[in-house]
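Heads up: the structure comes next, in structure tokens.
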Number of protein chains: 2
Amino acid sequence: MTSIDNRQIREAASIARAISHPVRLQILNELRGEGAYVMHLTAVLGRPQANISQHLMVLREAGLVTAIRDGMTVLYQISDPQVLNIVDDLLALAQKRIESRGLAAGEMESKQGGRRRRRGKCRCPRCSQEDRSGRHGRG
Amino acid sequence: MTSIDNRQIREAASIARAISHPVRLQILNELRGEGAYVMHLTAVLGRPQANISQHLMVLREAGLVTAIRDGMTVLYQISDPQVLNIVDDLLALAQKRIESRGLAAGEMESKQGGRRRRRGKCRCPRCSQEDRSGRHGRG
DNA sequence: ATACTACATTCACAATTTGGAATAAGGTCA
DNA sequence: TGACCTTATTCCAAATTGTGAATGTAGTAT
């Protein structure tokens, strides 16, 4: 039996709320796999460091991510794989909608990246390593 | 290739945003299966009708639910089964956390319903029918 | 028509969230 | 030590959200 009490509802809602910001969702998406350093997130998302840090704080307080100091840098990781289930479901539904809307409104994807997309080079420990060993992509 | 563009991120975030309120999450949870009438939601959640209606509007505008008039009453349904995947994942993670917190903090479930739980009787078409027969769809 | 029921919308205000700027805090290295 | 790097936090104004109260709209019944 699936009895839902108030605590569970509130907890679930607060998880959703932490995820419900484009920057935070993007952060979670970037943390797939082995996680990412703050400077990497700052570089990839193209946002001020303070802002990234603020969003990371929200994610931390919601318990969605954990921070591990590594010298001067900090590695953030997703705290529980189930978090990614939620993210994946959200992205899947979003994708489905965008597609069906595209068919309905003739709004096909042929645009060039409206805004700046990837801020390219980042000097975080991981990126430096990948850069040298020629490994690209995530996973 | 799972390239995530900005539109998809924003769409996903806005879905999460719509879900991220306890009342709305509870509404979605009540809509499982065949949906529910507004008066049923009002009765079950124990909140003012206007407030339920306001939250339903948010869910409608986010495209998570659809409304079908049926005489004087309005039946709300989940617009896409994938919405429930998200809800289920949120509830699962919430449950997992509450459990692990309970073990860690000795906060076992020994409370009586902190707030009012179910407002019991509701006169919506479905409840009335179930009340006097037992199990049947709408007519 | 009136009265009643179910639901939706608007308004006003409090509470919360957001993000930039500045600054603090923690760590490394010459 | 001080210069420098990475990340965290505080302050604050603007924007957004949540809610009750009142009101509007649509359908039913008499």
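Chain letters run A, B, ... following the sequence lines, proteins first, then strands; residues in each count from 1.
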Requested in this report: Could you tell me the separation between the OH atom of A:Tyr76 and the C1' atom of D:dT6, rounded to a whole number of Å?
Outcome: 11 Å
Query raised in the report: Between the side chain of A:Ser20 and the main-chain N/O of A:Arg17, is any donor-acceptor distance below 3.5 Å?
Result: yes
Show me, pair by pair, the donor-acceptor contacts under 3.5 angstrom made by side chains of residues 73-81 of chain B, not counting sequence neighbours?
| residue | atom | partner | partner atom | Å |
| --- | --- | --- | --- | --- |
| B:Thr73 | OG1 | B:Asp70 | O | 3.1 |
| B:Tyr76 | OH | B:Arg60 | NE | 3.1 |
| B:Gln77 | NE2 | B:Glu34 | O | 3.4 |
| B:Ser79 | OG | B:Gly63 | O | 2.7 |
| B:Ser79 | OG | B:Leu64 | O | 3.1 |
| B:Asp80 | OD1 | A:Lys96 | NZ | 3.4 |
| B:Asp80 | OD1 | B:Gln82 | N | 2.8 |
| B:Asp80 | OD2 | A:Lys96 | NZ | 2.8 |

Requested in this report: Specify the closest pair of heavy atoms between B:Leu59 and B:Ala18, including all atoms of both residues, with the distance to one decimal.
Outcome: CD2-O, 3.9 Å
Query raised in the report: Which parts of residues 53-74 of chain A get close to DNA chain C, meaning a heavy atom less than 4.0 angstrom away?
Result: A:Gln54, A:His55, A:Arg69, A:Gly71, A:Met72
Requested in this report: Using the heavy-atom set of chain A and a strict 4.0 Å cut-off, write down the first and last nucleotide of DNA chain C that makes it in, 5' to 3'.
Outcome: C:dT17 to C:dT28
Show every donor-acceptor pair shorter than 3.5 Å between a side-chain atom in residues 85-94 of chain A and any protein atom, with sequence neighbours excluded, or say none if there are none.
| residue | atom | partner | partner atom | Å |
| --- | --- | --- | --- | --- |
| A:Asp88 | OD1 | A:Arg32 | NH1 | 3.0 |
| A:Asp88 | OD1 | A:Arg32 | NH2 | 2.6 |

Query raised in the report: Can you tell me how far C1' of D:dG18 sits from CZ of A:Arg17, to the nearest Å?
Result: 12 Å
Query raised in the report: When the nearest nucleotide of DNA chain C is assigned to A:Pro48 and to B:His40 on a heavy-atom basis, which residue is associated with the more 5' position?
Result: B:His40
Report task. Using the ring pair (Phe, Tyr, Trp, His ring centres under 6.0 Å) rule, collect all pairs that involve residues 79-100 of chain B, keeping only residues at least two apart or in two chains. Result -> none
Report task. Write down the distance between CD1 (B:Ile52) and P (D:dT19), rounded to a whole number of angstrom. Result -> 10 Å
**Report entry** Minimum-distance nucleotide to B:His21 side chain [options: D:dT19, D:dA21, D:dT7]
**Finding:** D:dT19
**Report entry** Closest approach of A:Ile9 to B:Leu25 (non-hydrogen atoms, all atoms of both residues)
**Finding:** O-CD2, 3.5 Å
Requested in this report: Report the residues that fulfil ring pair (Phe, Tyr, Trp, His ring centres under 6.0 Å) with B:His40, sequence neighbours left out, ordered by chain and then residue number.
Outcome: none
Query raised in the report: Separation of A:Asn51 atom CG from D:dT6 atom P, in whole Å?
Result: 18 Å
Report summary line: Here the distance between atom C1' of D:dT9 and atom CD of A:Gln49, to the nearest Å, is 10 Å
Query raised in the report: At their closest point, which heavy atom of A:Leu45 faces which heavy atom of A:Ile27, and how far apart are they?
Result: CD1-CG1, 3.6 Å
